[in-house]
Amino acid sequence: MQLQTWITLIGGLAVFLFGMKVLSESLQELAGSSLRGLLQAMTRNRFLAMFSGLLITIGIQSSSATTVMVVGFVNAGLLKLGEAVGVIMGANIGTTVTAWLISWLGFKVDVTAFALPAIAVGVGLQFLGKGRVRDSGGALIGFGFLFLGLLFLKSSVPDAAKDPESFAFLRQYTDMGFGTTLLFVLIGTLLTIVIQSSSATAAITITLAYNGQIPLEAALGMILGENVGTTITANLAAIAGNRNSKKAALAHTFFNVFGVFWALALFVPLLNFVTWLFPADSGADIEVTRYQISAFHTTFNLINTALLIGFTTPFAAFVSGLVDRLAGGDEKETRGKLTHLSAGPVATASFGLFEIEASTRKSVMAATRAWERSATLIKKGYSGRRARRILDTESALDDYYARSVHFLNDLQESGLHGQQGKRVLSALELITALEDMSDGCADLSRRLRRAHKRSVELGREDLERLKRLTKLIQKQVDLLKKGAGPDQHADRRKESFGCFRREIKSVEEKLSRVAGRRAAAQQLVRDLLRTLDRISEQVEHAGRARIA
C-alpha cells in the first residue's frame with residue numbers, strides 16, 4: 001500500500017477520534033448534572049444500574065466516559081462496587097449502538113450529504129449561541145467529523161477484489177484457522193489500548209472486513225479484543241484514585257476478560273448465529289459483513305451481561321477481596337480525599353466537575369463530623385480521643401484544600417464555558433469555607449484541651465449559654481448537609497444564622513455586665529464565643545456555596 005494511502009488512513013482515524021471526542025464532550029455538557037442524577041437514582045438494584053449504564057452510554061456515545069465516571073463515583077464513595085458493576089455491564093451493551101450507527105449510516109448513506117451540513121450548522125451555533133445552544137453546535141460538529149473520518153477510513157482502505165496487493169501482509173495471518181481469531185483478538189486489544197477508543201477500533205474492523213481485507217472470523221476476533229482493550233481507560237483513571245476506584249476498574253477488566261474466554265470457547269456457535277441472523281449470498285458477502293459484526297458485538301455483550309447479572313454481589317466481593325489481598329489488608333481511607341481522574345479522550349471539564357463535587361460532598365460530611373465532635377466536647381466535657389479525631393480531620397481537610405485548589409486550576413486551564421466557571425468558583429468558595437470551619441473546630445478543641453490541663457472550669461450558666469449556641473450552629477450544620485435544595489432551605493439557613501447572631505450578641509452583653517468571676521474562666525468563655533462565631537460564619541458561607 002502506498003505512503004499516501006497510509007497517510008490518508010491515519011488522518012481519517014485522527015478525524016474520527018476528534019469527532020468522537022467533540023461529540024462525547026458536547027453531549028456530556030448537554031446532559032449536565034442529569035448524568036449524575038440518573039446514575040445515582042437508578043442504582044438501587046443491579047437491573048436499574050445496568051439500565052442506567054446503557055442509557056448514559058447511548059446518550060454520550062462513549063463507554064470509556066461512562067466507566068471513568070463510575071470509577072470517579074466509587075472513588076468518592078457515591079457508588080458501591082456492586083452498583084458500579086451493574087453500570088459497567090450496561091455501558092458495555094450501550095457502546096454497541098455506535099457500531100450499528102457506523103454500519104447503517106457510514107456505509108449505506110452518502111456521508112457528505114449529512115456530515116458537512118451538520119458541521120456547517122454546528123459551527124454557526126458555536127459562534128452565535130451560548131450555553132446549551134453552543135453545546136448542541138459542538139455535538140453537531142463532532143457528529144459530522146466522526147462520519148467524515150469514517151469516510152476517509154473507507155476511501156483509504158482499498159477493495160481487496162480490485163487491489164489484491166493492498167494489505168497483503170495481513171493475508172499470511174488470515175488462514176490459520178482458530179489461530180487467526182486468537183491473533184486478531186490480540187491485535188484488537190493492542191489497537192484499542194493505543195488509540196483509547198473502542199468505537200474507533202470497531203470502525204477500523206468494520207472497514208477492513210467491508211473491503212475484504214480480513215475475513216469475518218478475524219473481524220469478530222478484533223471485536224473481542226476491543227472489549228479487553230477498552231478496559232485500560234478506566235484502569236488508567238483509577239491509578240490516581242483510592243483502592244475502591246481500583247476495584248471498580250479491575251471489575252470492568254475481569255468482566256470483559258471472562259466474556260472473551262467463554263466467547264472463544266463458543267466461537268463457532270456464535271459465528272453460526274450471526275450468519276443465520278444476517279445470511280449472505282455469494283454476491284453480497286461483503287455487504288452484509290458489517291451487520292454481522294455489529295450483531296456479534298451486541299450478542300456477545302448481551303449474553304455476557306445475562307451470565308453475570310445475577311452474580312454482581314459475589315463478583316464484586318471476589319474483586320474486592322483480591323485487591324485487598326494484593327494491597328495488603330484493609331485500606332484506611334482519608335476523609336475528603338480528592339483525586340484528579342484524567343484518562344485519554346475522556347478527561348473533560350464535565351468529569352472534572354463531577355469529581356470535585358462528589359469529593360466535596362464527602363468533605364462536607366467530614367467537616368460536619370468534626371463540628372459535632374467539637375460540640376460534644378462542650379456538652380459532655382473534654383475527651384482526649386475525641387479531640388485527636390478533630391485534629392486529624394483538620395489535617396485531612398487542609399490537605400484536601402491544597403489539592404483541590406490545584407485541581408480547580410487544572411480544570412480552568414482545560415477550558416471552561418458557561419455555567420462551568422460559576423461551578424468552579426462555588427466549589428472553591430465551599431472548600432475554603434470547609435477548611436476554615438475545620439480550623440475553627442480544631443481551635444475549639446485546642447482551647448478546651450489547654451483549659452483541661454490548667455483545670456479551668458466553666459460555670460453552669462456559661463455552659464448552658466455555650467450549649468444553646470452549639471444547638472443553633474447544629475441547625476445550620478443540618479441544613480448544610482442537605483445541600484442545594486428548594487428556596488425554603490435557603491430561607492431557613494438565613495433564619496438560623498440570624499438566630500445565632502442575635503443569641504451570641506445577647507451572651508456577649510451579659511458577659512460584659514458580670515463581675516467577680518475568675519479571669520481565666522472569663523477569658524476562656526470569650527475565646528470560645530469568638531471561635532463559635534467564626535465556625536457559624538463559615539457554615540453560613542459553605543451553605544451559600546452549596547446552594548450556588
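Note that the structure is predicted; figures quoted are calculated from it, not measured.
Atom-to-atom distance recorded for I309:CD1 and F47:CZ is 5.5 Å, nearest 0.5 angstrom. In this structure, I93 CD1 and L55 CG are separated by 11.0 Å, a value rounded to the nearest 0.5 Å. For the atom pair CD1 of I378 and CG of L444, the computed distance is 4.5 Å after rounding to the nearest 0.5 Å. One distance of note links CZ of R373 with SG of C441; it measures 10.5 Å at 0.5 Å rounding. Residue L532 holds its CG atom at 10.5 Å from CG of L472, rounded to the nearest 0.5 Å. Note that the CZ atom of R534 and the CD atom of E537 stand 10.0 Å from one another [nearest 0.5 Å].
For the residue pair S320 / K247, a side-chain donor-acceptor distance below 3.5 Å is found, with atom types taken as modelled. Side-chain atoms of E226 and T189 include no donor-acceptor pair closer than 3.5 Å. Counting only N and O atoms by type, the side chains of S198 and T192 include no donor and acceptor under 3.5 Å apart. A side-chain N or O of T253 and one of N235 form a donor-acceptor pair less than 3.5 Å apart. In summary, the side chains of D443 and T531 do present a donor paired with an acceptor at a separation below 3.5 Å, with no hydrogens or angles considered.
By the neighbour-count criterion of 12 heavy atoms within 6.0 Å, atom NZ of K379 is densely surrounded, having more than that number from other residues, nucleotides or ligands.
Scanning for salt bridge (charged side-chain N to carboxylate O under 4.0 Å, His left out) contacts around D527 gives R447, R530, with sequence neighbours left out. Under the ring pair (Phe, Tyr, Trp, His ring centres under 6.0 Å) criterion, Y382 pairs with H452, sequence neighbours left out.
Residues A370 and T393 approach most closely at CB-CG2, 3.9 Å, considering heavy atoms. Smallest separation of non-hydrogen atoms from F255 and T305: CZ-OG1, 3.8 Å. Between G137 and L125 the shortest heavy-atom distance is CA-CB, 3.7 Å. Pairing each heavy atom of F254 with each of F315, the nearest pair is CB-CZ, 3.8 Å. Residue L434 comes nearest to L397 through the heavy atom pair O-CD1, 4.4 Å, listed as atom of the first residue, atom of the second, then distance. Of all the heavy atoms in T67 and A91, the pair that sits closest is CG2-CB, 4.5 Å.
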Please assess E372 against K481 for the test salt bridge (charged side-chain N to carboxylate O under 4.0 Å, His left out), listing each intermediate value before the final yes or no.
CA-CA 12 Å; E372 286 161 359; K481 287 181 182 179; 2.7 Å; yes
Does N227 form a side chain to side chain donor-acceptor pair (under 3.5 Å) with N92? I'd like the steps, not just the answer.
CA-CA 8 Å; N227 279 272; N92 281 0; 5.0 Å; no
side-chain contact (heavy atoms from CB on, under 4.5 Å) evaluation trace for L250 with T231:
CA-CA 8 Å; L250 190 61; T231 65; over 6 Å; no
side-chain contact (heavy atoms from CB on, under 4.5 Å) for T432 and E429? Distances and angles first, verdict last.
CA-CA 5 Å; T432 302; E429 183 181 353; 5.8 Å; no
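The pair E464-R468 does not count as a salt bridge, with every side-chain nitrogen at least 4.0 angstrom from each carboxylate oxygen. Ion pairing between E394 and R389 fails under the 4.0 Å rule for side-chain N and carboxylate O. Taking 4.0 Å as the cut-off between side-chain N and carboxylate O, E540 and R544 count as a salt-bridged pair. Remark: K467 does not engage E461 in a salt bridge, criterion side-chain N to carboxylate O under 4.0 Å.
Between T312 and M50, every side-chain heavy-atom pair lies at or beyond the 4.5 Å cut-off. L528 places none of its side-chain heavy atoms less than 4.5 Å from the side chain of L469. Residues R449 and L391 are in side-chain contact: their nearest non-hydrogen atoms beyond the backbone lie under 4.5 Å apart. With contacts defined as side-chain heavy-atom distances shorter than 4.5 Å, the pair W371/Q474 qualifies.
Distance alone, capped at 3.5 Å, places no donor-acceptor pair between the T57 side chain and the L54 backbone. Between the side chain of E435 and the main chain of D398, no donor-acceptor pair closer than 3.5 Å is present. In this structure, S536 contributes its side chain and D533 its backbone to no donor-acceptor pair below 3.5 Å.
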